[in-house]
Amino acid sequence: MFQRPRGTRDFGPEEMTRRRWAESQMRNTAIGFGFREIQLPTFEGLDLFTTKSGQGIVDELYAFEDKGGRMMALRPEMTAQVMRFYIAEMSVQPKPLKLFYFGPCFRYENPQSGRFREFFQLGAEIIGSRTPETDAEVISLAVSTIESTGLKNCRLRIGYIGVLRSMLANAGILDSKISEGLHLLDKNDEKGFSAFASEAGISEEKVAEMLSLRGIGGGEEVLDRVPSDDAKKYLQELSGMMKKIGIRGFEFDLGIVRGLDYYSGMVFEIDAPNLGAEKQVCGGGSYSLIPAFGGEEVFTTGFALGFDRVLIALEKEEFEIQSPGLDAFIIPLGEEARESCMELVSRLRKSGFIVDFDLMRRNLSKNLKYASSAGAKTAIILGTKELSSGTATIRDMVTGDQKEVPLDSIRDFLGSNP
RNA sequence: GCCGGGGUGGGGUAAUGGUAUCCUUGGGGACUGUGGAUCCCUUGAACCGGGUUCGAUUCCCGGUCCCGGCCCCA
């Protein structure tokens, strides 16, 4: 027996129905927002990812040498690829460029709830625009894709990493050290941060001010306490737009520090509280990653969404979608009916009905049982009796009512009894 | 990388130091056109390796995988 690799999953028919449904809801939402889909390779040269995230991530990648001696890696996320693609082939496209993508990603991690080695992400970016409405559009898409799946219970928090970033910079911290400081704040490591700051010659007063930023969280009113006028104005403007487009119940949280260096302004996170330890379903913000990849500076706002986590959260809310089932299951009785049955099947399929028929030459009662378990709406019985009169017997699988219908009229009969 | 709890047919389970119960599912039959039922038959299982033992599914150790948590989180 073969075992599935650790941290991967098989998706059976029922689960796949659910996944495809959710995926198409999200995809349609993005298209409705004017985003266009791209698809990029599942593996890339290793350096694409180390350039973005540092050498340290190699431990957490599926990295390998190919037969040509090149170092490659399965993608752990897709943002770096989008940047590569943009610089190589899309940089002269009209701005703003609104792109989205969906696909599997891979990380060598220890599996737990909501955490797998192969997982699926949906992401979107707006490239080349830098206005509050750009940020609002991205957040709005993130929220809408999640809501489009029927998920009710989630929490949006919006922050502004630019405030801390500029405070650290103004205090004279080198660019190369800023992310270290942010990281300490992210972990709520006050002692560590104080030590880091005093080493860099920052006054205690300033340190206290920076630490207090983390306490700024709540509704619009907390924006008065934002120390930077630019950031305050920006967030107030954003807040007004969010209200206009109907996004409610979000909070501001100046304590959000997204792990990576490249976020520069607005940042946001969406949690699904019923998920347990791995409850973040979406994260994003505005950044400029492109110079690091060898392009001109272009502002971008984007997000990545954990598709699997959304589905787990949906399951916990006991959300159910109805799977399509069969419009008809066709049962031939006797040798002579078999070919007529297949002819009818083919005709109905060409008319767009979801139709299946008996492949195992079973008797009527077993066939009805099978039709029932396959979720067929009707069973169509075609035997010698019917053949001689050019009809078929259509049995409603819910009510049990039966009716003899001329072969030519079956299409209309099925169409009129949805 | 670390910690806790687990692993018996496809799914769900029972008992047990002497190779395994029941339910469900799958296949077939009774059965010659309505029995989506019922009854009968049937396929199918101890995660892997080592140890203790006359004998291990059971006890011990290691690995592996699953569930959950820590770390990390692009």
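Per chain, numbering begins at 1; letters A, B, ... match sequence-line order.
Taking atom P in both B:rU32 and B:rU43, one finds a spacing of 24 Å when rounded to whole Å. Taking atom P on both nucleotides, B:rU25 is separated from B:rG63 by 41 Å, rounded to a whole Å. Here the separation of B:rC54 from B:rU64, taken at their P atoms, is 31 Å to the nearest Å. Rounded to whole Å, the separation between the P atoms of B:rC23 and B:rC31 comes to 25 Å. Between B:rG5 and B:rC60, the distance separating the two P atoms is 13 Å to the nearest Å. B:rA14 and B:rG6 are spaced 14 Å apart, taking the P atom of each and rounding to whole Å. Nucleotides B:rG68 and B:rC39 place their P atoms 39 Å apart, quoted to the nearest Å. Remark: the separation of the C1' atoms in B:rG10 and B:rG44 is 9 Å, to the nearest Å.
Using a 4.0 Å heavy-atom distance criterion, A:Gly306 is classed as making no nucleic acid contact. Nucleic acid contact for A:Gly400: base, since at least one base atom lies under 4.0 Å from a heavy atom of the residue. At the heavy-atom level, A:Asp59 lies nowhere under 4.0 Å from the strands shown.
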Solution key, residues 56-71 of chain A side-chain donor-acceptor pairs under 3.5 Å, sequence neighbours excluded:
residue: A:Asp66; atom: OD1; partner: A:Gly68; partner atom: N; Å: 2.8
residue: A:Asp66; atom: OD1; partner: A:Gly69; partner atom: N; Å: 3.2
residue: A:Asp66; atom: OD1; partner: A:Arg70; partner atom: N; Å: 2.9
residue: A:Asp66; atom: OD2; partner: A:Arg70; partner atom: NE; Å: 2.9

Could you list the donor-acceptor pairs under 3.5 angstrom formed by side chains in residues 137-145 of chain A, with sequence neighbours left out?
residue: A:Glu137; atom: OE2; partner: A:Lys98; partner atom: NZ; Å: 2.8
residue: A:Ser144; atom: OG; partner: A:Ser140; partner atom: O; Å: 2.8
residue: A:Thr145; atom: OG1; partner: A:Leu141; partner atom: O; Å: 3.1
residue: A:Thr145; atom: OG1; partner: A:Ala142; partner atom: O; Å: 2.8

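Of the possible donor and acceptor atoms, none in the side chain of A:Arg157 sits under 3.5 Å from a partner among the backbone N and O of A:Phe268. In this structure a side-chain-to-backbone donor-acceptor pair under 3.5 Å is missing from A:Asp396 to A:Thr378.
Each of B:rG69, B:rG36, B:rC65 was ranked by its minimum atom distance to the side chain of A:Leu368; first place goes to B:rG36.
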(message) Test side-chain hydrogen bond (donor to acceptor under 3.5 Å, both in side chains) on A:Tyr287 and A:Glu125; report intermediate values, then the result.
(response) CA-CA 10 Å; A:Tyr287 59 90; A:Glu125 320 284 338; 2.5 Å; yes
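Computed from coordinates, the A:Ile57 CD1 to B:rC73 P distance equals 12 Å when rounded to whole Å. As rounded to whole Å, 19 Å separates atom P of B:rG10 from atom CD of A:Glu15. Note: CZ (A:Phe2) to P (B:rC48) measures 15 Å, nearest angstrom. The distance from atom CZ of A:Phe303 to atom P of B:rA74 is 16 Å, rounded to the nearest whole Å. Atoms CG (A:Asn367) and P (B:rU34) sit 13 Å apart, rounded to a whole Å. The CG atom of A:Asp271 sits 13 Å away from the C1' atom of B:rC73 (whole-angstrom rounding). Between the CD1 atom of A:Ile256 and the P atom of B:rC73 there is a distance of 16 Å, rounded to whole Å. The distance between atom OH of A:Tyr262 and atom C1' of B:rC73, rounded to the nearest whole Å, is 11 Å.
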Restricting to nitrogen or oxygen on both sides, can you table the protein-nucleotides 26-33 of chain B pairs closer than 3.5 Å?
residue: B:rG27; atom: OP1; partner: A:Arg362; partner atom: NH1; Å: 3.0
residue: B:rG28; atom: OP2; partner: A:Arg362; partner atom: NH1; Å: 3.4
residue: B:rG29; atom: N7; partner: A:Lys366; partner atom: NZ; Å: 3.2
residue: B:rG33; atom: O6; partner: A:Thr384; partner atom: N; Å: 3.0
residue: B:rG33; atom: O6; partner: A:Lys385; partner atom: N; Å: 2.9
residue: B:rG33; atom: O6; partner: A:Glu386; partner atom: OE1; Å: 3.0
residue: B:rG33; atom: N1; partner: A:Glu386; partner atom: OE1; Å: 2.8
residue: B:rG33; atom: N1; partner: A:Glu386; partner atom: OE2; Å: 3.1
residue: B:rG33; atom: N2; partner: A:Glu386; partner atom: OE2; Å: 2.8

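Contact detail for A:Lys279 and A:Pro273: the closest heavy-atom pair is CD-CA, 4.4 Å. What you find for A:Ser239 and A:Phe250 is that their closest heavy atoms are OG-CZ, 4.2 Å. Nearest heavy-atom pair, A:Phe329 versus A:Ala376, reported as atom, atom and distance to 0.1 Å: CB-CB, 3.9 Å.
Within residues 99-118 of chain A, the residues having any heavy atom closer than 4.0 Å to RNA chain B are, in order of number, A:Arg107, A:Glu109, A:Asn110, A:Gln112, A:Ser113, A:Arg115.
Base-pair partner of B:rG1: B:rC70 (Watson-Crick or G-U wobble, both distances under 3.5 Å).
Mapping A:Asp401 and A:Phe49 onto RNA chain B by nearest heavy atom places A:Asp401 at the nucleotide closer to the 5' end.
The side-chain contact (heavy atoms from CB on, under 4.5 Å) search around A:Ser409 returns A:Val405, A:Pro406, not counting sequence neighbours. Legend: residues meeting side-chain contact (heavy atoms from CB on, under 4.5 Å) with A:Arg411, ordered by chain and number and at least two apart, are A:Leu348, A:Ser351, A:Phe353.
In this structure, the ring of A:Phe119 has its center no less than 6.0 angstrom from the ring center of A:Phe307.
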